[in-house]
Engineer: 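Handing you this structure, nothing more for now.
Note that these values count all heavy atoms, side chains included, but never hydrogens, waters or copies made by symmetry. Position 1 is the first residue of the sequence, and the numbers go up from there.
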Amino acid sequence: MNGARPTLFTATPCRHRRSTRSHGFTLLELLVVLFIIGITLSFAMLSVGDRGREQVVEQEVERLLGRLKLAGQESVLQGQEMALEISDDGYKFIVLNEDEWQDVKDDEILRPHNIPAEFRLKLKIEGESIVLDSEKKNSDEPETPPRIYLLSSGEMTPFELTFDDEFGSDYRITGAVNGKLKMARVARETKG
């Protein structure tokens, strides 16, 4: 042959050219989407409004209810007497060891708990209203806070503990002598 090599590939013009423009979003499109998301979230927050505060109260009550149930079960399983001490700013669990009441310290769930300042606690033990007031402790002798006893037999001190906040979200935990616990939302008592 004449010395030329046959070529297998021929350079043909590409009929399907890709555009040099990227197919991403423009800054304007992203800003519009973020604006729409912001408006949607604003309306969602407005619709939740007071329900958010009510949920805080409800969570606080559910936390105590769960802890009471756990402490009651622990008391039965371990054969130890326990109690819940309640003050106007929170509560703590105590256990009877060798004729002495001691704080539960090594249990992450039953550790002392302070309630938010906007909540008020109202307590009735065996039908009697108990005043929870840290300011009445002016005497030299330390006053024992009210206690709800959780006995190893499964029984407990009958009580009603009402959580209320300044926004009208009232919840009540009721404990019966047989150890049964109930939680309910209650109507605020009006003074008149």
Engineer: Can you measure from CD (Glu155) to CG (Leu150) and round to the nearest 0.5 angstrom?
Structural biologist: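 It is 11.5 Å, given to the nearest 0.5 Å.
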Engineer: Hydrophobic clusters here meaning ILVMFWY residues chained together by side-chain heavy-atom distances under 4.5 Å, can you tell me if Leu151 and Leu110 are in one?
Structural biologist: no
Engineer: List the atom of Gly175, the atom of Leu181, and the distance in Å for their closest heavy-atom pair.
Structural biologist: CA-CD2, 3.8 Å
Engineer: Same cluster or not: Val76 versus Leu70, using hydrophobic residues (I, L, V, M, F, W, Y) connected whenever any side-chain heavy atoms lie under 4.5 Å apart?
Structural biologist: no
Engineer: Would you say the side-chain atoms of Arg111 pair up with the backbone N or O of Val104, donor to acceptor, closer than 3.5 Å?
Structural biologist: no
Engineer: Give a yes or no answer on whether the side chain of Glu128 reaches the backbone of Ile125 with a donor-acceptor pair at less than 3.5 Å.
Structural biologist: no
Engineer: Do the side chains of Val33 and Leu41 join up, straight or via other hydrophobic residues, at under 4.5 Å, putting them in one cluster?
Structural biologist: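 Yes: a chain of side-chain contacts under 4.5 Å links Val33 to Leu41.
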Engineer: Are side-chain heavy atoms of His113 and Glu60 found at a separation under 4.5 Å?
Structural biologist: yes
Engineer: Are more than 12 heavy atoms from other residues, nucleotides or ligands located less than 6.0 Å from atom CG of Leu30?
Structural biologist: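 Correct, the count exceeds 12.
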Engineer: Can you establish whether the number of heavy atoms outside Arg63 located under 6.0 Å from its atom CZ is more than 12?
Structural biologist: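 Yes, the 6.0 Å shell around CZ holds more than 12 heavy atoms from other groups.
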Engineer: Could you tell me whether the side chain of Met183 reaches within less than 4.5 Å of the side chain of Glu62, counting heavy atoms only?
Structural biologist: yes
Engineer: Any chance the rings of Trp101 and Phe93 have centres within less than 6.0 Å?
Structural biologist: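 Not under 6.0 Å, so no.
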Engineer: What's the spacing between Asn114 CG and Asp89 CG if we round to 0.5 Å?
Structural biologist: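 Answer rounded to 0.5 Å: 5.5 Å.
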Engineer: Evaluate Arg185 against Asp170 for salt bridge (Lys or Arg N to Asp or Glu O under 4.0 Å), listing each step before the verdict.
Structural biologist: CA-CA 6 Å; Arg185 181 148 193 222; Asp170 293 0; over 6 Å; no
Engineer: To the closest 0.5 Å, what do you measure between CD1 (Ile130) and NZ (Lys124)?
Structural biologist: 10.5 Å
Engineer: Return yes if some donor-acceptor pair links the side-chain N/O of Ser152 with the main-chain N/O of Glu81 below 3.5 Å, else return no.
Structural biologist: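 Side chain of Ser152 to backbone of Glu81: no pair is present.
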Engineer: Locate the shortest heavy-atom distance separating Ile173 from Phe159; write the atom from each residue and the value.
Structural biologist: O-CE1, 3.7 Å
Engineer: May I ask you to test the Met82-Leu96 pair for a side-chain heavy-atom distance under 4.5 Å?
Structural biologist: no
Engineer: Are the side chain of Thr40 and the backbone N or O of Ile36 linked by a donor-acceptor pair below 3.5 Å?
Structural biologist: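 Present.
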Engineer: Are Val177 and Ile86 connected into the same hydrophobic cluster when the rule is that any two of I, L, V, M, F, W, Y join if their side-chain heavy atoms are below 4.5 Å apart?
Structural biologist: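 In one cluster with Ile86: Val177, no.
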Engineer: Quick one: are Pro146 and Glu85 in side-chain contact, heavy atoms under 4.5 Å?
Structural biologist: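 Sidechains of Glu85 and Pro146: no contact.
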Engineer: For the residue pair Thr174 / Glu160, report whether a side-chain donor-acceptor contact shorter than 3.5 Å exists.
Structural biologist: no
Engineer: Locate the shortest heavy-atom distance separating Leu121 from Gly90; write the atom from each residue and the value.
Structural biologist: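 Of all heavy-atom pairs spanning Leu121 and Gly90, the closest is CD1-O, 4.5 Å.
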Engineer: Working to the nearest 0.5 Å, report the span between OG1 of Thr157 and CG of Leu84.
Structural biologist: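 If we round to the nearest 0.5 Å, Thr157:OG1 and Leu84:CG are 10.0 Å apart.
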Engineer: Quick one: pull up OG1 in Thr162 and CG in Leu123 and give me the separation to the nearest 0.5 Å.
Structural biologist: 8.5 Å
Engineer: Applying a strict under-4.5 Å side-chain criterion to I, L, V, M, F, W and Y, I'd like to know whether Ile94 and Met156 cluster together.
Structural biologist: no
Engineer: According to the interplanar angle, ranging from 0 to 90°, do the rings of Phe163 and Phe119 count as parallel (below 30°), tilted (30 to 60°) or perpendicular (above 60°)?
Structural biologist: perpendicular
Engineer: Closest heavy-atom contact between Leu132 and Ser87?
Structural biologist: CD1-O, 4.2 Å
Engineer: Report the distance from atom CG of Leu64 to atom NZ of Lys69, rounding to the nearest 0.5 Å.
Structural biologist: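 Reported to 0.5 Å precision, the distance equals 11.0 Å.
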